[in-house]
Structure formats: C-alpha cells, structure tokens
Amino acid sequence: LSLKFGDIGNLKGLVIRFLLTTSYYQLSVQNWFSLHRVQLLYNHSVQATFNATRIYAPASYSYHCERVSSLQRYDALLIPSSTDDVSKLWEVTFIDFQIQGFNVQEGHFAYAKDCASFFSPAILMGLVMSLILLLVLAYALHMLIHLKSLDRHYECKASPAYFAQMKDNDMGDEKEPLRSSGNESYELRNQQFCKIYI
C-alpha cells in the first residue's frame, strides 16, 4: 500500500510504502492482516525502513491508533530495521493513524480495532486505588465482625448499710431503727451492693 504525496512542495517524490500481509489463524477462525514494514522512498530510492510491531487486526476490520511512531515516548511501534541503517536518523510519527489493507468496501474504513491497551496508566491507577479501598473496607469489616460486646457479670451480695439518723420521714417504710447503742441508727432492709466485672 503506497502513499504518494505528488507535487506538494518539498514532499515531491516522497512515497510511504506499507507492506501488509494476511494470515489465517485457527484459534480465532478468521483471517488477520498485519503491517510488517514501513518504507520511506524518495526519488525512487529507499531512504529508511522500519519494522512494525503489534499492528494487526482481523481482515474484515481496520486498525486505528492515536499515534504510530518510531519515538520511544510514543511507545515505538516502528523500529529501525537495523542498527547500522540510516533509518535510525529518521523520526516517523503518524497521528490518528488508521489503515485497512483488505476487504475495503465503497472506500470507507470498516469497524476499527483500536491499539489502546487494556492496561493504560490511568486504568492501572484506577485499579490500584480500587484495590486500596477494597483492602480498607475488608479491614473495617474484619474489625466489625470481631468486635466483642461488653459482657457484664454482676455479682450482687445483700449487705446491710448503716446510715446516721436522717430527718426524712418519707422513707419510714424502708427504715427500721436499730437499738444497739446510744446513737439511733437505721438499716436499709433491701440495700445491696454490686460488683461489675467487664
């Protein structure tokens, strides 16, 4: 697949050639196409050759990627064919790249298989944050499940309590005079004291 620029200024005579192949894969039970190589030609001579990696899609689909580049900051899907080749002197970047080599109908791209990874940095950060929140929630549930109620054990013993003479006449039915010594004292019949063990 050749992309010719024609007589556009300084690009006159520049051709970008895409070498595509199609193969049948039994696991997916369909044909897939892949981009193997990108060549830059100028005045009918090859100037640079890049091997393409991870650029493939089902033959009935197109392939789309936001950036296909030879630069490392863009994930470098295009790699110079050899270290001593002049390709390493070139920097190639395609913006909003979409290609379909086979089964093109009415000059329109088919449904696109996108190059976006399922584990992009944003998705990974979201997964990490979700994992942290899940761990906090699990720890909180663990603490709630193992939270013990306060078990109170009462040990009550009946014991007389002695008070000095009180002038309150309202409690006459609960008081009984004691006649043991010179001072008049009263005993509360139903008075109890309790020890609470927690």
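Computation of the quantities below employed the complete heavy-atom set of this structure, encompassing side-chain atoms and omitting hydrogens, waters and symmetry-equivalent molecules. All figures in this text were calculated on a predicted structure; none of them were measured in a lab.
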Separation between SG of C65 and CD1 of I55, rounded to the nearest 0.5 Å:
7.5 Å
Side chain to side chain contact (heavy atoms under 4.5 Å, CB included) assessment of Y24 paired with V29:
CA-CA 7 Å; Y24 179 79; V29 196; 3.6 Å; yes
Do the side chains of E66 and I95 get nearer than 4.5 Å, heavy atoms only?
no
Quick check: does any side chain N or O of S70 sit under 3.5 Å from a backbone N or O of A76, one acting as donor and the other as acceptor?
no
Heavy atoms, side chains only, cut-off 4.5 Å: are P58 and K113 in contact?
yes
Same cluster (ILVMFWY, side-chain, under 4.5 Å), L3 and L35:
yes
Are the side chains of D114 and Y63 in touch, meaning some heavy atoms are under 4.5 Å apart?
no
Between OG1 on residue T53 and CG on residue L78, distance to nearest 0.5 Å:
7.5 Å
N51 to S81 - nearest heavy-atom pair and separation
ND2-CA, 3.6 Å
What is the distance from atom CZ of F33 to atom CG of L1, rounded to the nearest 0.5 Å?
10.0 Å
Would you please indicate yes or no on a ring centroid separation below 6.0 angstrom for Y56 and Y25?
no
Only pairs under 3.5 Å count here: list side-chain donor-acceptor contacts from residues 97-106, not counting sequence neighbours, and write none if there are none.
residue	atom	partner	partner atom	Å
Q98	NE2	S62	OG	2.9
Q100	OE1	A110	N	2.8
Q100	NE2	F102	O	3.0
Q100	NE2	N103	O	3.2
N103	ND2	A59	O	3.2

Grouping I, L, V, M, F, W and Y whenever their side-chain heavy atoms are under 4.5 Å apart, do L14 and V92 come out in a common cluster?
yes
SG (C115) and CG (D75) are apart, to the nearest 0.5 Å, by 8.5 Å
Looking only at non-hydrogen atoms, find the nearest pair between V38 and I16 and report the distance.
CG1-CG2, 4.0 Å
Are L77 and W90 linked, directly or through intermediate hydrophobic residues, by side-chain heavy-atom contacts shorter than 4.5 Å (ILVMFWY only)?
yes
When the ring planes of Y61 and Y111 are compared, do they come out parallel, tilted or perpendicular, using 30° and 60° as the limits?
perpendicular
Roughly how far, to the nearest 0.5 Å, is the NZ atom of K4 from the CG atom of L41?
10.0 Å
Value for CG (L135) from OG (S130), rounded to nearest 0.5 Å, stands at 11.0 Å
Do V68 and F109 belong to the same hydrophobic cluster, where Ile, Leu, Val, Met, Phe, Trp and Tyr are linked whenever their side-chain heavy atoms lie under 4.5 Å apart, directly or via other members?
no
Side-chain touch T93/E91, heavy atoms, less than 4.5 angstrom
no
Around Y139, counting heavy atoms of other residues, nucleotides and ligands shown, do more than 12 lie under 6.0 Å from its OH?
no
Full working for side chain to side chain contact (heavy atoms under 4.5 Å, CB included) between L40 and F50:
CA-CA 9 Å; L40 302 179; F50 296 91; 4.2 Å; yes
